[in-house]
**Q** 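Please find one structure pasted underneath; my questions will follow.
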Amino acid sequence: MDKRRRALTRLYLDKATLIWNGNVVSGLDALNNFFDTLPSSEFQVNMLDCQPVHEQATQSQTTVLVVTSGTVKFDGNKQHYFNQNFLLTAQSTPNNTVWKIASDCFRFQDWSSG
Amino acid sequence: MSLPSGHTMGHTDQVAQRRARCSDIYQRRLSSRSEKVNPGIHSSSHQQQDGEAAMHGAHMDSSVRYTPYAISPYNRKGSFRKQDQTHVNMEREQKPPERRMEGNMPDGTLGSWFKITVPFGIKYNEKWLLNLIRNECSVPFIPVEFHYENMHASFFVENASIAYALKNVSGKIWDEDNEKISIFVNPAGIPHFAQKELKSEKVEKIKLAMNQQCDVSQEALDIQRLPFYPDMMTRDTKMASNPGKCMAASLHVHEENIPMVMSAVGMDKWKGTEPGGKCADRSPVCTTFSDNSSNINSILELFPKLLCLDGQQSPRPTLCGTEAHKTLPTCKGSFFGSEMLKNLVLQFLQQYYLIYDSGDRQGLLSAYHDEACFSLSIPFNPEDSAPSSLCKYFKDSRNIKILKDPYLKGELLRHTKRDIVDSLSALPKTQHDLSSFLVDMWCQTEWMLCFSVNGVFKEVEGQSQGSVLAFTRTFIATPGSSSSLCIVNDKLFVWDTSHQGTQSALFTLVPTAFSSVPAFSQEQQKMLPS
């Protein structure tokens with residue numbers, strides 16, 4: 001996100017969705033556009049936690065809930081505290097397992113001040 | 001540029017006024033939406049002196065076109081400019097606002113009104129704020145229709161170059177707490193006060209003249225016809241005149257935004273969970289409502305923020321595409337996938353927090369799957385040395401960025417509903433503010449719903465009684481039996497907005513000061529980074 005923004009969407013599934021401060025971005029093309037329009041960023045992650053998602057919810061598609069929080073400074077904007085949640089899902093190939101973002105939810109803690 | 005009366009407000013006057021203003025904030029916020037603004041009266045004492053300079057400044061800008069139709073039907077820059085100046089000089093003394101008669105030109109293009117917004121400007125006294133801006137602004141300006149709208153202060157100016165100059169003031173002025181003041185600028189259609197102007201007798205004559213060139217059959221210029229930024233304008237104007245309509249508009253917009261991924265998935269599994277369905281097992285989490293519509297209305301009344309949040313968007317800090325650098329998208333309010341899911345989730349949250357806040361959380365057992373997971377976290381801030389109202393959550397906080405002990409990592413991830421509810425029961429007693437809730441429904445499949453709730457709650461007992469804390473809680477739930485949701489994953493993140501210095505997004509509760517707290521136990525100290 002900070003240093004190789006163009007490579008970011010490789011981490012997402014084709015049909016992944018992002019809700020960014022209430023804005024819905026759906027699918028890789030839209031995600032590419034979206035990340036392109038965001039100013040450059042500097043993230044500082046202060047909190048990270050994760051939980052395995054129960055298979056009943058995922059129909060045995062191995063999934064992990066990741067929750068993170070910290071601060072971010074977008075170029076031209078003031079620093080914000082943020083919360084971000086991901087659903088990561090395992091894509092297994094014979095050789096290895098690749099984790100990809102199926103869903104992403106991002107919000108400033110002080111979203112109403114822009 | 002000084003005020004016509006030569007008076008500048010003293011510092012103590014300003015502070016006292018500002019404090020008085022602050023105590024009025026909630027009052028004003030509630031009334032501002034229905035406020036009728038008086039056209040042209042507000043800043044009239046300033047206008048005469050400022051007007052001359054503003055006109056002069058405006059005439060220097062060849063990109064702005066004035067259209068005094070009373071003078072001449074011609075739009076050519078060269079010829080009418082001189083006439084414009086003459087006319088204006090004659091008319092200005094009597095009725096300054098009258099000048100602002102421009103609207104749709106015969107060829108349908110816009111006039112040049114801009115809305116200037118100071119976020120959270122409700123904190124500031126009008127005169128103080130305008131003076132501050134004037135001192136920094138490179139051109140003089142006439143602020144028209146200064147008003148407070150929700151938490152912000154706004155006014156209109158009638159010139160693109162003035163608007164641009166005002167935009168450049170953003171971030172270059174500070175308030176008395178040394179906080180930077182931002183200024184956002186947006187093109188506006190014809191503000192409603194200008195529309196009212198157009199109904200005056202004088203305007204009727206103008207219309208007669210216009211009729212010769214174009215068909216102006218309607219009584220007043222229709223703001224809805226303006227092509228630019230319809231979202232911004234309709235929300236602003238609708239908000240002022242009819243908050244109810246604003247809600248409907250907001251809901252409508254969101255439904256249109258349902259991403260293909262979500263809507264394509266079969267909704268059948270979730271349909272059984274409509275409010276109004278009966279619960280066979282009579283679990284406390286599942287409530288039966290006899291009437292669907294009253295149920296929805298009563299739920300929605302509990303969550304006003306979820307409906308009106310769109311109207312509270314921060315304006316985008318751009319000016320008609322003249323910005324070269326990238327800007328952040330506007331922050332929006334809650335997102336639900338659909339009306340049905342919204343009702344489902346709201347009903348769930350209402351029931352969940354009713355029990356959570358009741359003093360006995362054992363009732364939540366039926367809300368969780370047998371093998372559900374729960375964990376909670378509080379922020380880790382390296383500069384955070386002062387004990388805070390979060391300390392009661394500290395021992396349960398699972399932050400794998402700093403927690404390396406695998407045993408503790410396992411322990412702090414609660415597993416099985418019994419374990420979870422016992423753990424929840426040990427947390428401080430709370431009172432959640434449902435009106436502060438903001439919900440993001442960020443993943444939905446046939447088998448699960450994943451949503452995050454942001455809001456505030458108050459501690460209602462113990463040393464931190466009265467403390468207001470903010471939280472984000474992420475639920476992953478599957479369709480339960482008998483019209484309910486069954487939680488499989490629950491992640492709670494709690495933080496203290498005042499302690500972090502974050503300006504809270506949630507204004508319904510006023511934060512209180514912390515109480516003193518005991519030092520950390522040995523177990524807690526072990527968890528601190530070495």
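Note on naming: letters A, B, ... go to the chains in the order of the sequence lines (proteins, then strands), and numbering restarts at 1 for each one.
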**Q** Any sub-3.5 Å donor-acceptor pair from A/Ser103's side-chain atoms to B/Trp442's backbone N or O?
**A** yes
**Q** Let me know if B/Cys450 has heavy atoms under 4.5 Å from chain A in its side chain, its backbone, both or neither.
**A**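 Side chain of B/Cys450 only, per the 4.5 Å heavy-atom cut-off to chain A.
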**Q** Given heavy-atom pairs under 4.5 angstrom as the criterion, report whether the side chain, backbone, both or neither of B/Asp370 touches chain A.
**A** neither
**Q** If you count every heavy atom of other residues, nucleotides or ligands that lies below 6.0 Å from A/Glu42 atom CD, does the total exceed 12?
**A**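 Counting other residues, nucleotides and ligands, CD of A/Glu42 stays at 12 neighbours or fewer.
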**Q** Less than 4.5 Å to any heavy atom of chain B: does that hold for the side chain of A/Leu87, its backbone, both, or neither?
**A**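 Both parts, heavy atoms under 4.5 Å.
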**Q** What pair of heavy atoms forms the shortest contact from B/Trp447 to A/Ala57, and how long is it?
**A** CB-O, 3.6 Å
**Q** Count the heavy-atom pairs under 4.5 Å between each of A/Leu65, A/Thr68, A/Leu18 and chain B, then report the option with the highest count.
**A** A/Leu65
**Q** Could you look at A/Gln56 and say if it's the side chain, the backbone, both or neither that has a heavy atom under 4.5 Å from chain B?
**A**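 Answer is both: backbone and side chain atoms of A/Gln56 are under 4.5 Å from chain B.
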**Q** For A/Asp36, does the CG atom have more than 12 heavy-atom neighbours from other residues, nucleotides or ligands under 6.0 Å away?
**A**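 Above 12, so yes.
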**Q** Mark yes or no for whether A/Asn46, through its side chain, and B/Pro379, through its backbone, hold a donor-acceptor pair below 3.5 Å.
**A** no
**Q** Under 4.5 Å heavy-atom distance to chain A, tell me which part of B/Ser375 shows up: side chain, backbone, both or neither.
**A**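 Contact with chain A: backbone and side chain both.
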**Q** Rounded to the nearest 0.5 Å, what's the gap from CZ on B/Phe451 to SG on A/Cys105? Could you check?
**A**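 B/Phe451 atom CZ to A/Cys105 atom SG measures 12.0 Å (nearest 0.5 Å).
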**Q** Could you pull out the closest heavy-atom pair between A/Cys50 and B/Leu413, with the gap in Å?
**A** O-CD1, 4.4 Å
**Q** Distance from B/Asn454 atom CG to A/Arg107 atom CZ, nearest 0.5 Å?
**A**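 B/Asn454 atom CG to A/Arg107 atom CZ measures 6.0 Å (nearest 0.5 Å).
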**Q** Is chain B contacted by the side chain of A/Asn83, its backbone, both, or neither, given a heavy-atom distance below 4.5 Å?
**A** side chain
**Q** Which region of B/His369, side chain (C-beta onward) or backbone (N, CA, C, O), has a non-hydrogen atom less than 4.5 Å from a non-hydrogen atom of chain A, or is it both or neither?
**A** side chain
**Q** Using non-hydrogen atoms only, which part of A/Val53 is less than 4.5 Å away from chain B: side chain, backbone, both, or neither?
**A**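 It is both, since atoms from each part get that close.
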**Q** Roughly how far, to the nearest 0.5 Å, is the CG atom of A/Asp75 from the OG1 atom of B/Thr327?
**A** 11.5 Å
**Q** Going by heavy atoms in the side chains, are B/Leu328 and A/Pro39 under 4.5 Å from each other?
**A** yes
**Q** Please report the interatomic distance CD(B/Glu371) to NE2(A/His54), rounded to the nearest 0.5 Å.
**A** 4.0 Å
**Q** So, A/Gln51 side chain and B/Asp490 main chain: donor-acceptor pair closer than 3.5 Å or not?
**A** yes
**Q** Between OG1 of B/Thr330 and CH2 of A/Trp20, what distance do you get to the nearest 0.5 Å?
**A**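 Atom-to-atom, B/Thr330:OG1 and A/Trp20:CH2 are 9.0 Å apart.
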**Q** Evaluate side-chain contact (heavy atoms from CB on, under 4.5 Å) for B/Lys491 paired with A/Asp49, printing each intermediate quantity in order.
**A** CA-CA 9 Å; B/Lys491 169 69 206 178; A/Asp49 191 15; 2.4 Å; yes
**Q** Find the distance between OG (B/Ser452) and CD1 (A/Ile19) and round it off to the nearest 0.5 Å.
**A** 9.0 Å
